[in-house]
Participant: 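Structure incoming, see below.
Numbers for residues simply follow the sequence, beginning at 1.
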Amino acid sequence: MTQPALWLASESASTVILDRAPEDGWSATPIDLDGWPDILADQMLESGRHMVLGDVDGPHRLWLRNGAAGRPLAYVIVRDDAVELRQNAMRRLDRRLAGEPPTRALSGLQPTAFQRQRLSMLLDILDAVLSREEGRLTTHEIARRHVYAGLRMGRGNEWKSSSERRRTQRLIDEALALMRGGYRRLLRG
């Protein structure tokens, strides 16, 4: 099943980058990605083919750079502050391609239950803020709907001086920061 990719695989530190293997004296093992049993996303972009392969213990994110299709492939490891995460993602994929049993996804690639709940709340808040710009919701309503389910506080001075209002505003600011590029931190694990 092929679905549109929700993000560019190349932005994630856990993405395995594949490019053409050198041809001079190297014998690269062929990789058949189209035969993978569970392809969650597969999209051709200007930068190449971006795929998300399903696996029992977590997805594999791949970026096949332009010109790599139909050729022997080599792994590309970007040397940056996430090099260890990149190497581990490559090793995990390489083990599966070699036919070994699944290994647990790296902890840096999977948010905890608390993080998933918080990120979900931030997405809900972001949706509410963006709709608020069209004149629908106030900060007080966002707090009641998404942060404090049983909020009984009025809208006057009590609300304006409350810690609930300040926390709601911090969450709104955090949601907007994620939208404006902060999400890239999440992709690094």
Participant: Quick check against the 3.5 Å criterion: does R96 have a side-chain atom that pairs as donor or acceptor with the backbone of E100?
Facilitator: yes

Participant: Residues two or more places apart in sequence or in another chain: which of them pass side chain to side chain donor-acceptor pair (under 3.5 Å) with D34?
Facilitator: R49

Participant: Minimum heavy-atom separation for V78 and R86, please, with both atom names.
Facilitator: O-CD, 3.3 Å

Participant: Run the side chain to side chain contact (heavy atoms under 4.5 Å, CB included) test on L122 and L178 for me, step by step, so that the C-alpha distance in whole Å, both residues' side-chain angles and the decisive distance to 0.1 Å come before the verdict.
Facilitator: CA-CA 9 Å; L122 289 172; L178 282 172; 3.6 Å; yes

Participant: Could you pull out all residues at least two apart from Q87 that satisfy side chain to side chain contact (heavy atoms under 4.5 Å, CB included)?
Facilitator: I77, V83, R91

Participant: Show the nearest heavy-atom pair for residues P59 and V52, with the distance to one decimal.
Facilitator: CB-CG1, 3.7 Å

Participant: If you measure from CG on L53 to CD1 on I39, what distance do you get to the nearest 0.5 Å?
Facilitator: 6.0 Å

Participant: Please determine if R61 forms a cation-pi arrangement with W63, meaning its NZ or CZ atom is less than 6.0 Å from the six-membered ring centre and no more than 45° off the ring axis.
Facilitator: no

Participant: Which residue is it: L171, L176, I172? I am looking for the one with a side chain to side chain contact (heavy atoms under 4.5 Å, CB included) to E174.
Facilitator: L171

Participant: Do D94 and Y75 have side-chain N/O donor and acceptor atoms under 3.5 Å apart?
Facilitator: yes

Participant: Could you tell me which residues satisfy side chain to side chain contact (heavy atoms under 4.5 Å, CB included) with E158, sequence neighbours excluded, listed by chain and number?
Facilitator: M153

Participant: Where do T15 and L62 land on the side chain to side chain contact (heavy atoms under 4.5 Å, CB included) test, with the steps shown first?
Facilitator: CA-CA 5 Å; T15 297; L62 308 178; 5.6 Å; no

Participant: Could you tell me which residues satisfy side chain to side chain contact (heavy atoms under 4.5 Å, CB included) with R145, sequence neighbours excluded, listed by chain and number?
Facilitator: L137

Participant: Starting from L119, can I reach L123 by hopping between I/L/V/M/F/W/Y residues whose side chains sit under 4.5 Å apart?
Facilitator: no

Participant: So which heavy atom on G48 is nearest to which on H50, and how close?
Facilitator: O-CD2, 3.3 Å

Participant: Any side-chain heavy atom of V129 sitting closer than 4.5 Å to one from I125?
Facilitator: yes

Participant: Treating Q117 as the side-chain partner and F114 as the backbone partner, does any N or O pair qualify as donor plus acceptor under 3.5 Å?
Facilitator: no

Participant: If you define the side chain from C-beta out and look only at heavy atoms, does anything of Y148 sit under 4.5 Å from I142?
Facilitator: no

Participant: Please round to the nearest 0.5 Å and tell me the distance separating atom CG of L73 and atom CZ of R65.
Facilitator: 12.0 Å

Participant: Show every salt bridge (charged side-chain N to carboxylate O under 4.0 Å, His left out) that has at least one partner inside residues 161-172, sequence neighbours left out.
Facilitator: none

Participant: Testing the basics here: between P22 and A74, what is the closest heavy-atom pair and its distance to 0.1 Å?
Facilitator: CD-CB, 4.5 Å

Participant: Within this structure, what is the OG-NE2 distance for the pair S162 and H140, rounded to the nearest 0.5 Å?
Facilitator: 8.0 Å

Participant: Go through the steps for N88 and R92 under the test side chain to side chain contact (heavy atoms under 4.5 Å, CB included), then give the verdict.
Facilitator: CA-CA 6 Å; N88 288 334; R92 185 172 161 260; over 6 Å; no

Participant: Could you tell me the separation between the CE atom of M51 and the CG atom of L18, rounded to the nearest 0.5 Å?
Facilitator: 10.0 Å

Participant: Find out if a path of hydrophobic residues (ILVMFWY) with successive side-chain heavy-atom gaps under 4.5 Å connects V147 to L130.
Facilitator: yes

Participant: Return the CG to NE2 distance between D38 and H60, rounded to the nearest 0.5 Å.
Facilitator: 10.5 Å

Participant: Just to verify, what does D173 make a side chain to side chain contact (heavy atoms under 4.5 Å, CB included) with, not counting sequence neighbours?
Facilitator: Q169

